[in-house]
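Only one structure is covered here, and it is reproduced in the block below.
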Amino acid sequence: MLFGSQVLLSQNTSAKKQNPPFIIRSHIGVPKTITSKMFRSSFNGVFEGGLSMNFKLANNFYLGVGYQATNLKNKDSIARKVYNNMISYDTHFIGHSPFVKLSYDRYFKDNAFIDYSLNYGFMIARYTKVNEDTMAANRPYGPLSFNTHFVQPEVSANFIVDKGFTFSVLLSYTTLFSNFDPRSPRFNHFKEVNRKSNEYFMSWFTFGFGFNVLIGKTK
């Protein structure tokens, strides 16, 4: 009974713990495309990385601003047959994204806390290394670059490894407010792409790792 009371008291004390007034958060991970099916059939994730500066509003609520870079590459199945040879593509989807972050930290141990975040941003996206193609299926050509808003809920487990420094494991889900146009990267002539549905926005999960720098006094 006494042991149970001590555990409960420890948990309650941890939950009330507060992080300092300023936190630098960063992460790097690998995206996994989810929707639309046409987009998922076209691209795999290479990396996604971000950095944000976060200022305490009250308790453990923070408001931050940051930047994120995204790199996706065409799937190996995207290849062109010339006579008896297969010529692979090296087309990339590159995104540069400023964003704002609203987050909340909750300790579950004295040296560990969960961060719940919601990021909202603006992505400047571009397809690079696009193979020129004259097939009718890719006409009229889609734009090689576009801009779109996005929303990104995110959760991370953060472990204090040194005073003012934490290691984190992160999972996020990014949804672009834009539909995929297979004519832009010149993929619309591939059966494995054009036979898929394209009903939902482009989206992906990202699993990654990161670190935080806690600046100021932790209460």
Side-chain angles (χ1 to χ4, degrees), residues 26-51 67-99 119-156 168-210:
S26 69
H27 79 276
I28 187 167
V30 179
K32 171 62 177 176
T33 52
I34 303 298
T35 59
S36 67
K37 291 182 179 179
M38 189 177 284
F39 182 62
R40 186 176 67 196
S41 300
S42 300
F43 286 97
N44 276 326
V46 178
F47 78 87
E48 184 170 79
L51 179 72
Y67 163 80
Q68 183 169 272
T70 304
N71 187 335
L72 311 175
K73 182 184 179 299
N74 65 264
K75 288 196 168 183
D76 292 339
S77 58
I78 303 296
R80 181 175 58 185
K81 187 173 183 179
V82 178
Y83 297 107
N84 293 322
N85 298 317
M86 298 299 294
I87 300 176
S88 61
Y89 279 41
D90 188 28
T91 302
H92 289 252
F93 173 101
I94 305 294
H96 299 280
S97 308
F99 64 89
N119 304 327
Y120 184 87
F122 184 76
M123 177 178 285
I124 302 167
R126 181 173 178 81
Y127 296 104
T128 65
K129 299 183 181 179
V130 173
N131 287 12
E132 294 300 328
D133 192 285
T134 59
M135 291 189 179
N138 286 314
R139 297 189 178 189
Y141 295 140
L144 293 180
S145 60
F146 66 96
N147 301 327
T148 183
H149 294 268
F150 70 91
V151 64
Q152 184 183 59
E154 174 185 291
V155 61
S156 64
S168 62
V169 181
L170 171 144
L171 179 67
S172 66
Y173 181 63
T174 304
T175 300
L176 304 186
F177 297 146
S178 182
N179 291 98
F180 177 57
D181 184 353
R183 297 171 304 168
S184 292
R186 315 299 191 256
F187 289 170
N188 201 38
H189 59 291
F190 290 107
K191 293 180 180 179
E192 52 268 68
V193 174
N194 61 36
R195 291 182 176 178
K196 303 294 184 180
S197 65
N198 195 27
E199 298 174 355
Y200 191 68
F201 294 141
M202 292 180 277
S203 71
W204 55 84
F205 280 112
T206 299
F207 177 77
F209 302 92

Checklist line | Set of salt bridge (Lys or Arg N to Asp or Glu O under 4.0 Å) partners for Arg183, sequence neighbours left out | finding: Asp181
Notebook entry, point to check: Of all residues at least two apart in sequence or in a different chain, which pass the ring pair (Phe, Tyr, Trp, His ring centres under 6.0 Å) check with Phe122?
Noted result: His149
[atom1]-[atom2] distance between [X] and [Y], expressed to the nearest 0.5 angstrom:
| X | Y | atom1 | atom2 | result |
| --- | --- | --- | --- | --- |
| Phe47 | Thr70 | CZ | OG1 | 8.0 Å |
| Met123 | Gln68 | CE | CD | 6.5 Å |
| Thr33 | Leu72 | OG1 | CG | 7.0 Å |
| Ile78 | Asn44 | CD1 | CG | 10.0 Å |

Next item on the list: Not counting sequence neighbours, which residues clear side chain to side chain donor-acceptor pair (under 3.5 Å) with Ser41? List them please.
Entry: none
Check: Would you call the rings of Tyr127 and Phe146 parallel, tilted or perpendicular, where under 30° means parallel and over 60° means perpendicular?
Finding: tilted
Checklist line | Whether Phe187 and Phe43 hold their rings parallel, tilted or perpendicular, with breakpoints at 30° and 60° | finding: tilted
Next item on the list: Check each of Thr128, Val130, Ile124 against Arg126 using the side-chain contact (heavy atoms from CB on, under 4.5 Å) test, and report the only one that passes.
Entry: Thr128
Item checked: Lys75 atom NZ, over 12 foreign heavy atoms within 6.0 Å -> yes
Note to self: Is it the case that the side chain of Thr91 and the backbone of Lys129 share a donor-acceptor pair, with hydrogens and angles ignored and the cut-off at 3.5 Å?
What the structure shows: yes
Next item on the list: Test Thr175 against Phe150 for side chain to side chain contact (heavy atoms under 4.5 Å, CB included), laying out the working first.
Entry: CA-CA 6 Å; Thr175 300; Phe150 70 91; over 6 Å; no
